[in-house]
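The block underneath contains the structure these notes are about, expressed in structure tokens.
The model shown is predicted, which means the values in this text are computed figures rather than measured ones. Just so it is clear, the values below take in all heavy atoms, side chains as well, and ignore hydrogens, waters and symmetry mates. In the text below, chain A, chain B and the rest are named by the order of the sequence lines, each starting its count at 1.
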Amino acid sequence: MSDTDTQQLPKDIAAAKGLVNVQIDGHWIQVPRGTRMIEACKLAEKEVPHYCYHPKLSSPGNCRMCLVQMGMPPRPAPGQDPVYDADGYQAIGWMPRPVIACSNTVGENMGIRTQGELVQKCREGVMEFLLINHPLDCPICDQAGECRLQEFSVEHGKGESRFKEDKVKKPKNVKIGPRIRLDDERCIMCSRCIRFMDEVADEPVLGFTERGTHTTVGVFPGRELTNNYGLNTVDLCPVGALTSNDFRFQMRTWFLKETDSIDTNCGTGANTTIWTRGNKIFRVTPRQNDDVNSCWMPDSHRLNYVCPTDDDRLTAPLIKVDNVHEETCWENALEAAADALKQFTPGEIAIIASGRQTNEELFMMRALAAELGIESLAIVAREEASDDMLISADRNPNTTGAKLILQDSEVAATLATFREGVYSGDIKAVFVASEDLLSEAGFSADDLEALELLISIHTSANATAQASDIVLPGAGSAEKRGSMVNVAGRLQKLNAACLPPADARSDWEIIRDLVLALSGESAEQAPQTIDALFQIIATSIPEFDGKSLASLGDLGETITETGVTIPLLERENQRKARGEIVG
Amino acid sequence: MSDIQYLPGKEPHPCEYRMIFKNIDRAGWDPSIDCYLNDGGYEQLKKAIKMEPQAITNEVKASGLRGRGGAGFPTGVKWGFIPPNNTKPVYLICNCDESEPGTFKDRYIVHQDPHQLLEGMIISCFAVGAHTAYIYMREEFPEAATIMEKAIEEARAKNLVGNDVLGSGFDLEIYIHRGAGAYICGEETGLIESLEGKRPYPRIKPPYFPAALGLYMAPTIVNNVESLCHVKHIIEMGGGGYAQLGVARNTGTRILCVSGDVQKPGYYEVEVGKITMGELLNDVCGGPKEGRTFKACIPGGSSAKILRCDESFTIGQGDAEQSLSFFDIPMDFDTIAACGSMAGSGGVIVIDDSRKISWILNNLNSFYAHESCGQCTPCREGSMWMKKISDRIVGGHATPDDIQTLEDVAYQIDGRTVCAFGEASSWPVEAIISKFRDELTAETSEDNDDLSEEAKIQLQFISQ
């Protein structure tokens with residue numbers, strides 16, 4: 001280091017930043033002190049194959065797939081100074097025994113080899129062991145295509161079998177709960193499901209029985225995996241041992257298209273991936289967002305989605321003629337709606353929006369109200385108990401957005417005024433979007449009967465649609481782009497995973513065209529794309545200032561402080577602080 | 001010790017040095033506290049309790065005592081691993097899960113001389129600052145559990161355990177915990193998990209070194225029964241005095257449990273390293289059975305690597321290099337290790353020429369396949385695979401390739417598991433194959449039908 005003698009050594013430079021120098025496959029990188037080796041390798045873009053390790057769960061180190069070679073500088077003899085090379089690093093003494101990368105942490109001047117003969121032999125060995133008693137039933141296994149056993153066999157396996165014996169037989173097709181089935185022969189005993197139920201779901205109903213090669217995962221006697229977070233174990237399972245009854249044998253995974261979106265069943269807005277083929281949704285799985293839902297979502301939410309192929313979907317605009325709904329075209333329907341609304345004074349019309357609508361739809365609802373001269377809109381509140389995990393007490397996905405867009409912090413209170421107005425007869429016309437007035441909204445069938453005009457936007461048939469004079473078919477949450485703001489104030493995106501069925505349309509476009517029909521303005525005056533609409537929102541609502549739908553990342557951004565926290569994340573952060581998980 | 005009389009037929013061999021086993025098979029001896037006190041029992045505790053705890057640890061370090069459970073790790077050094085700034089409770093666990101095949105020493109102590117163990121434990125607890133101690137009693141020792149329970153109550157009545165031991169202000173509770181009937185419960189972190197009420201899955205080390213993160217994540221010292229008994233004698237003799245027994249770095253006495261094909265199998269307490277394998281097998285144990293010759297020997301419990309009796313070993317380096325025949329090996333830790341095996345738990349298993357080595361191999365493989373806890377992949381799958389292959393060797397359905405596969409499988413386990421069970425199950429296979437390859441190969445044939453019916457069917461689908 002001739003001309004750099006006066007410079008600091010790399011270890012001192014790193015230490016000043018709380019970092020350590022680690023050599024990974026010959027390249028030095030700096031990572032925070034205490035980083036797990038497997039995470040350091042990830043930072044160096046070196047994949048270390050693993051089964052049991054999961055950053056959100058404890059690390060038992062049982063699969064032995066992440067074995068790597070580790071080295072440290074030899075301890076200098078007493079009185080001897082460490083020797084540094086030209087770059088300021090000490091020579092690494094490589095250990096002959098491999099170590100697991102998942103639970104060991106890095107230290108200064110550590111060397112890690114994720115390649116080489118020793119590591120390759122270890123992986124080959126573990127893969128061979130995992131496969132000898134595995135049924136190799138990929139052709140009929142749902143996991144095929146997203147199976148770590150398949151992937152690592154191809155990458156790290158021997159490619160041939162030396163096993164001449166009978167395989168171990170274990171229970172198959174075991175119903176361990178209402179939504180999950182277990183094939184014990186496929187299980188590789190990584191214990192992820194057991195640890196998830198114990199550490200995250202806090203309902204430890206899974207465990208191992210028997211021992212050695214006969215070890216079998218199962219539910220405790222007399223128990224079932226009924227927990228509302230149980231399906232996360234199916235996601236966690238690196239092989240096909242745990243499968244979801246809902247998805248089982250429905251579709252090969254490689255035919256499915258993945259669309260990033262968010263859950264609209266409650267105010268948490270868990271990040272999701274929607275898996276579709278053609279115009280059909282096959283499953284919804286959680287997508288990692290450490291500020292919203294970690295890696296999980298409740299079963300009740302992932303199974304509750306509206307699909308374009310559902311039987312009860314509304315597929316064309318309907319106008320009631322002689323008390324019977326008749327299909328019509330959009331032009332007629334919107335013209336009829338505009339004409340009908342014009343028959344009433346602003347005081348006679350109530351507009352009921354929804355906390356289930358996107359920001360863009362709500363903004364157009366506001367424009368509609370303005371066009372009709374109406375001052376306030378109502379939304380239907382949905383407050384229930386939180387599950388103290390991920391399900392928010394607010395079962396509307398976008399109450400926070402509604403408050404911002406409608407610039408009214410008491411949007412839910414207006415509904416009572418509207419109900420009284422309908423009851424007294426002061427309100428004669430109602431325009432409602434995405435709400436069945438006969439359920440949570442608190443209207444009775446007689447109330448709706450008494451109305452002179454009822455226009456509604458719905459995705460699926462319901463009693464309000466049945467009672468409506470004009471029904472406008474909208475798009476389900478998986479069929480549209482848009483944005484919502486969750487209970488914690490995070491702006492997040494919905495993406496369209498499929499198309500609305502037949503003549504159904506995106507709700508914001510329906511409302512936009514109704515406003516145009518009312519105003520008589522030319523279509524060019526209105527936003528043509530949802531991005532353009534979002535730009536208008538960004539200029540008129542301060543919290544949205546500077547944002548755009550296109551630049552909003554897949555994980556969203558916090559735009560307002562609500563003070564609401566997500567209980568599961570609080571606990572996860574505590575476990576992370578205690579060093580129990582990587583996080 | 002000349003005044004001590006032993007039961008007829010149970011007299012110690014003249015080569016023995018009875019210290020830990022002084023009272024085993026002793027005439028007129030019973031496990032009661034009165035009997036123990038009449039023999040000078042608990043005097044060392046009275047002496048120790050007036051010492052500084054650190055001074056006791058220093059004596060144990062000076063004694064050079066190495067753990068008698070299998071690994072041979074220096075006991076005093078282990079005690080020193082408790083973090084100096086520790087604020088959690090410290091636990092001491094006596095590992096009485098004696099389950100290594102070929103080992104049968106601790107059982108005599110807990111059945112016949114429970115108070116020796118208690119005295120050693122109380123002194124050890126005082127030294128490491130443990131106020132709670134557990135004796136993890138092998139499930140298969142139900143009577144010993146009763147005897148130890150009784151001994152604890154007797155000691156409590158004399159204020160030797162409980163609050164304010166002997167007026168010293170030191171509080172100590174000792175509990176018996178019955179084991180879970182599994183070999184893996186003897187692995188110290190598996191034992192701790194079991195004691196916590198869980199499956200005895202060994203913990204990964206790092207981070208869970210018991211001295212820092214042991215029972216209930218508190219510092220925990222786990223010592224073997226025999227090791228704890230030695231502590232009493234170290235106090236009696238002083239660390240330096242104790243270190244005079246045995247040979248350098250291999251001090252004290254140890255109990256060798258000889259089983260198998262010798263005239264007089266049994267337990268023999270000898271000074272470490274003062275007796276050779278030849279003296280042990282031929283003199284003390286009376287040589288091979290009538291008309292037989294020694295073939296092989298497993299020197300330290302079933303997981304130690306087998307040694308051939310016609311082998312010779314070159315050990316040491318440079319000027320210290322020397323050649324040793326099998327019968328010249330001194331029974332100490334370091335020389336046996338240098339010969340490629342280990343002194344382990346002191347279980348010496350002798351095999352004569354009446355045994356096929358494949359039987360030994362299959363017997364060991366069956367044990368480890370049955371006892372693998374199943375937590376980590378290589379041991380879980382590998383141990384049963386090894387058994388299935390050796391089943392075929394014994395049954396005459398193996399081909400020469402199978403020997404190679406078996407050896408490969410062993411090396412695929414070795415060094416890659418959570419705990420030492422991986423080595424315990426693979427070392428015997430590795431050693432038996434490397435030392436008896438010809439004999440094993442002779443039991444195989446290229447013409448043998450080696451595939452199971454199921455494998456034949458499966459191969460139809462996965463072959464090219």
Residue, of A:T215, A:T213, A:I188, that accumulates the most heavy atom pairs under 4.5 Å with chain B: A:T213
Parallel, tilted or perpendicular: rings of A:H50 and A:Y53 (30°, 60°): perpendicular
A:E185/A:N133 under side chain to side chain donor-acceptor pair (under 3.5 Å): CA gap, chis, key distance, verdict: CA-CA 7 Å; A:E185 288 183 347; A:N133 284 307; over 6 Å; no
Side chains of B:Q404 and B:D408, donor plus acceptor under 3.5 Å: yes
Ring geometry between B:Y368 and B:F421 (parallel below 30°, tilted from 30 to 60°, perpendicular above 60°): perpendicular
Partner chain B: residue of A:K121, A:M65, A:E124, A:E160 with the largest heavy-atom pair count (under 4.5 Å): A:K121
salt_bridge(A:R186, A:D137) N-O dist < 4.0 Å: yes
SB check B:K388 A:D166 (cutoff 4.0 Å): no
Interface moiety of A:P139 toward chain B, non-hydrogen atoms closer than 4.5 Å: neither
Options B:P207, B:C373, B:A455, B:S383, ranked by heavy-atom pairs under 4.5 Å with chain A, top entry: B:C373
Most contacts with chain B, counted as non-hydrogen pairs under 4.5 angstrom, among A:P98, A:S103, A:C122: A:C122
Chain A contacts, top residue of B:K456, B:E423, B:R203 (heavy-atom pairs, under 4.5 Å): B:E423
Interface moiety of A:Y51 toward chain B, non-hydrogen atoms closer than 4.5 Å: neither
Under-4.0 Å salt bridge between A:E203 and A:R223: yes
Per-residue contact mode, B:S425 against chain A (heavy atom under 4.5 angstrom): neither
Heavy-atom contact with chain A under 4.5 Å, split by part of B:R199: side chain
Donor-acceptor side-chain pairing of A:S153 and A:E155 below 3.5 angstrom: no
Per-residue contact mode, A:V99 against chain B (heavy atom under 4.5 angstrom): neither
Interchain contact, B:Y201 with chain A, by part (heavy-atom threshold 4.5 Å): side chain
Atom group of A:L130 that falls short of 4.5 Å from chain B, counting heavy atoms: both
B:I184 versus chain A, the contacting section by heavy-atom distance below 4.5 Å: neither
Modelled atom types, side-chain donor and acceptor of B:T405 and A:K164, under 3.5 Å: no
A:R162 versus chain B, the contacting section by heavy-atom distance below 4.5 Å: both
